Amino acid sequence: MSAKLEKDWREEGEPFFPNHMLDQGMVVFVTLAILVTLVMFFPAPMEPPADPFETPEHIKPEWYFLSAYQALKVAEYFSFLGAWAPKALGILMQAVGILALILLPFLDKNPERHPRKRPVVIGIGILALILLAALTIWGKLS
Amino acid sequence: MVEQEQKETKPQTQPSFEQRSGLRELFELFSLTGFVYGPLDERLDIRDALEKNLKKPVPHHVNWLFCFGGISLFLFVVQGVTGIMLLMYYRPTVAEAYKSVVFITNNVPFGWLVRGLHHWAANLMIIMVFLHMARVFFYGAYKPPRDFNWVTGVILLTLTLGFGFTGYLLPWSQISYWATTVGTEVPAAVPFIGGFLSTLIRGGQAVGQSTLTRFFAVHVVILPLVISFFLLGHFFMIRKQGISGPL
């Protein structure tokens with residue numbers, strides 16, 4: 001029984017315990033080390049307290065919301081359609097984006113898994129990543 | 001009938017003190033061996049379950065790109081632990097929130113470390129969740145039969161962003177107040193129900209105490225409960241279906 005199991009391991013992969021668990025443990029400790037280093041050298045910022053009567057000049061969200069924020073700003077180019085258009089279209093765009101992300105496995109019917117064999121989906125994905133990065137950088141600089 | 005047979009087969013010799021009192025069994029029940037060799041294992045087959053899970057082979061094609069999901073989970077655990085620690089000192093009121101955060105940073109022993117860890121693990125977690133999603137995308141690992149696991153994954157991403165959005169307000173600093181003011185204005189543009197949505201999120205016309213209470217409740221109770229549910233689903237599915245095969 002055990003001999004058969006060991007043979008299966010060599011064919012199927014390395015045992016979870018202890019081999020893979022050791023790898024995972026190392027990853028966890030490296031992550032923790034990076035975290036503590038970041039905390040030491042770049043402490044969590046302490047901004048001035050909230051003042052509802054004084055609006056700061058530049059209000060920007062956290063970096064991971066910058067792309068969404070900049071997309072809403074870009075949507076202002078649609079203001080020629082009417083006052084309602086920019087924000088409603090901006091939100092619609094993002095809702096469609098998230099919906100497309102959720103439905104990706106059902107929209108992409110190609111059974112191939114290798115990236116080279118599904119150029120369309122990979123192309124769209126890379127374009128989306130570039131768009132996301134560009135909007136984030138644009139939002140940061142603007 | 002059955003009872004009679006049992007009576008007949010019972011040993012005639014006196015059982016020892018340990019056997020009579022069940023002390024040994026009681027001791028094993030509360031010790032580690034109770035789980036692996038003792039009475040608890042007899043009832044629950046814990047050793048079999050452990051062996052089966054620990055001996056499950058990890059496929060050879062698994063490389064370092066597969067580690068982002070695990071790191072995300074680890075960072076989530078860090079967030080849970082440091083978040084509970086911060087809860088011991090944080091006070092979710094307009095008058096006290098900022099002061100309590102300053103107190104945590106400057107006066108509580110290692111408060112700066114716990115707050116810093118919570119801050120940085122949040123940022124790293126979003127990066128890791130994104131990288132995890134990118135890996136699954138480029139490996140085509142979202143395809144059937146793992147399509148529904150991709151759906152739970154996207155839900156987990158939005159929940160993670162929800163943690164970021166609600167947590168950002170809690171220090172009640174100038175930046176968090178105004179970023180939330182701008183952020184909660186966005187849903188107001190949704191046709192027909194926009195005004196209602198914005199009021200619902202803010203708990204009033206403007207960002208104030210109700211908003212802080214709401215965001216606090218969502219950040220420390222509602223979101224952790226919901227995300228735990230989806231995390232369990234995410235893990236059970238990948239455990240059942242296994243890691244996607246080589247390309």
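All of these numbers come straight from a predicted model, not from anything done at the bench. Here is how names work: the chains are called A, B, and so on, in the same order as the sequence lines, proteins then strands, and each is numbered from 1.
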| said: Less than 4.5 Å to any heavy atom of chain B: does that hold for the side chain of A:Pro52, its backbone, both, or neither? | reply: both
| query | Quick one: does B:Trp150's side chain get under 4.5 Å of A:Leu103's, heavy atoms only? | reply | no
| query | What part of B:Val102 is in contact with chain A, defined as an atom under 4.5 angstrom from a non-hydrogen atom: side chain, backbone, both or neither? | reply | both
| field | Contacting moiety of B:Pro246, where chain A heavy atoms sit under 4.5 Å | value | backbone
| query | Is it the side chain or the backbone of A:Lys60 that comes within 4.5 Å of chain B heavy atoms, both, or neither? | reply | backbone
| request: Decide yes or no for A:Val121 and B:Phe137: does some side-chain heavy atom of the first lie under 4.5 Å from some side-chain heavy atom of the second? | output: yes
| query | Where on A:Asp23 is there a heavy atom nearer than 4.5 Å to chain B: the side chain, the backbone, both, or neither? | reply | neither
| query | Should we say atom CZ of B:Phe235 is surrounded by more than 12 heavy atoms from elsewhere, each under 6.0 Å from it? | reply | yes
| Relative to chain B, which of A:Gly125, A:Pro49, A:Pro105 shows the most heavy atom pairs under 4.5 Å? | A:Pro49
| task | Check the pair B:Ser176 / A:Glu47 against side chain to side chain contact (heavy atoms under 4.5 Å, CB included), numbers first and verdict last. | result | CA-CA 9 Å; B:Ser176 67; A:Glu47 313 281 348; over 6 Å; no
| query | Measuring heavy-atom distances to chain B, does A:Glu54 have an atom under 4.5 Å in its side chain, in its backbone, in both, or in neither? | reply | both
| Counting only heavy atoms not in B:Phe66, do more than 12 sit closer than 6.0 Å to its CZ atom? | yes
| remark: The interface call for A:Leu89 against chain B, heavy-atom contacts under 4.5 Å, is neither
| What distance separates A:Phe17 CZ from B:Glu51 CD, expressed to the nearest 0.5 Å? | 11.5 Å
| query | Using non-hydrogen atoms only, which part of A:Ile59 is less than 4.5 Å away from chain B: side chain, backbone, both, or neither? | reply | side chain
| task | Rounded to the nearest 0.5 Å, what's the gap from OG1 on B:Thr158 to CG on A:Leu101? Could you check? | result | 9.5 Å
| What part of B:Ile71 is in contact with chain A, defined as an atom under 4.5 angstrom from a non-hydrogen atom: side chain, backbone, both or neither? | side chain
| request: Give, as side chain, backbone, both or neither, the part of A:Ile102 having an atom under 4.5 angstrom from any heavy atom of chain B. | output: both
| query | Between B:Asn123 and A:Trp63, does any side-chain donor sit less than 3.5 Å from a side-chain acceptor? | reply | yes
| request: Would you mind checking which part of A:Leu32 comes under 4.5 Å of any heavy atom in chain B, side chain (CB onward), backbone (N, CA, C, O), both or neither? | output: both
| field | B:Trp178 side chain to A:Ala50 backbone, donor-acceptor under 3.5 Å | value | no
| request: Give a yes or no on whether B:Phe138 atom CZ has more than 12 heavy-atom contacts from other residues, nucleotides or ligands under 6.0 Å away. | output: yes
| Among A:Ala68, A:Pro48, A:Ala88, A:Gly90, which has the most heavy-atom pairs under 4.5 Å with chain B? | A:Pro48
| query | Does B:Met125 CE have over 12 foreign heavy atoms under 6.0 Å away? | reply | yes
| request: Return the option, out of A:Glu62, A:Gln24, A:Lys87, with the maximum number of heavy-atom pairs under 4.5 Å with chain B. | output: A:Glu62
| query | So what's closer than 4.5 Å to chain A heavy atoms on B:Ser244: side chain, backbone, both or neither? | reply | both
| Which portion of A:Pro86 sits near chain B, non-hydrogen atoms under 4.5 angstrom | neither
| request: Mind running side chain to side chain contact (heavy atoms under 4.5 Å, CB included) on B:Tyr168 and A:Phe65 for me, showing each step along the way? | output: CA-CA 12 Å; B:Tyr168 202 49; A:Phe65 287 125; over 6 Å; no
| Any donor-acceptor pair under 3.5 Å from B:Tyr139 side chain to A:His114 backbone | no
| field | Centroid-centroid under 6.0 Å between B:Tyr142 and A:Phe106 rings | value | no
| field | Contact origin within A:Val27 toward chain B - heavy atom pairs under 4.5 Å | value | side chain
| When only pairs under 4.5 Å are counted, which of A:Ala44, A:Pro61, A:Pro115 shares the most heavy-atom pairs with chain B? | A:Ala44
| Between A:Thr31 and B:Phe74, does a side chain to side chain contact (heavy atoms under 4.5 Å, CB included) hold up when you go through it step by step? | CA-CA 9 Å; A:Thr31 311; B:Phe74 171 64; 4.0 Å; yes
| query | With a cut-off of 6.0 Å (strictly less than), are more than 12 heavy atoms of other residues, nucleotides or ligands near OH of B:Tyr89? | reply | no
| Segment of A:Leu38 engaging chain B (4.5 angstrom heavy-atom cut-off) | both
| task | Evaluate the side-chain proximity of B:Leu75 to A:Leu35: yes if any heavy-atom separation is below 4.5 Å, no if none is. | result | yes
| request: Apply side chain to side chain contact (heavy atoms under 4.5 Å, CB included) to the pair A:Val39 and B:Trp112, showing each step before the final yes or no. | output: CA-CA 8 Å; A:Val39 177; B:Trp112 60 273; 4.1 Å; yes
| task | Could you tell me whether a side-chain N or O of B:Arg115 sits under 3.5 Å from a main-chain N or O of A:Pro43, the two making a donor and an acceptor? | result | no
| request: Using a cut-off of under 4.5 Å on heavy-atom pairs, state which of B:Val58, B:Asn53, B:Val154 scores highest against chain A. | output: B:Val58
| query | Taking atom CZ of B:Phe148 as the centre, does the number of heavy atoms from other residues, nucleotides or ligands within less than 6.0 Å exceed 12? | reply | no
| message | Taking side chain as everything from C-beta outward and backbone as N, CA, C, O, which of these in B:Met128 sits under 4.5 Å from a heavy atom of chain A? Side chain, backbone, both or neither. | response | neither
| query | What residue, out of B:Leu117, B:Thr152, B:Val151, B:Val182, has the most heavy-atom pairs lying under 4.5 Å from chain A? | reply | B:Leu117
| query | Hey, are the side chains of A:Leu132 and B:Phe130 touching, using non-hydrogen atoms and a 4.5 Å cut-off? | reply | yes
| request: Taking the side chain as every heavy atom from C-beta outward, state whether A:Met46 and B:Val101 have any atom pair closer than 4.5 Å. | output: yes
| Check: A:Lys109 and B:Lys143 side chains under 4.5 Å, non-hydrogen atoms | no
| task | Enter the distance from A:His20:NE2 to B:Leu54:CG here, rounded to the nearest 0.5 Å. | result | 12.5 Å
| Check: B:His60 main-chain N/O paired with A:Glu14 side-chain donor or acceptor under 3.5 Å | no
| query | With a 4.5 Å heavy-atom cut-off, do B:Gln174 and A:Pro56 have their side chains touching? | reply | yes
| said: Within this structure, what is the NE2-CZ distance for the pair B:His119 and A:Phe42, rounded to the nearest 0.5 Å? | reply: 11.0 Å
| If you draw a 6.0 Å radius around CZ in B:Phe192, do more than 12 non-hydrogen atoms from other residues or ligands fall strictly inside? | no
| query | With chain B, which of A:Ile98, A:Asp108, A:Leu72 has the greatest number of heavy-atom pairs at distances under 4.5 Å? | reply | A:Asp108
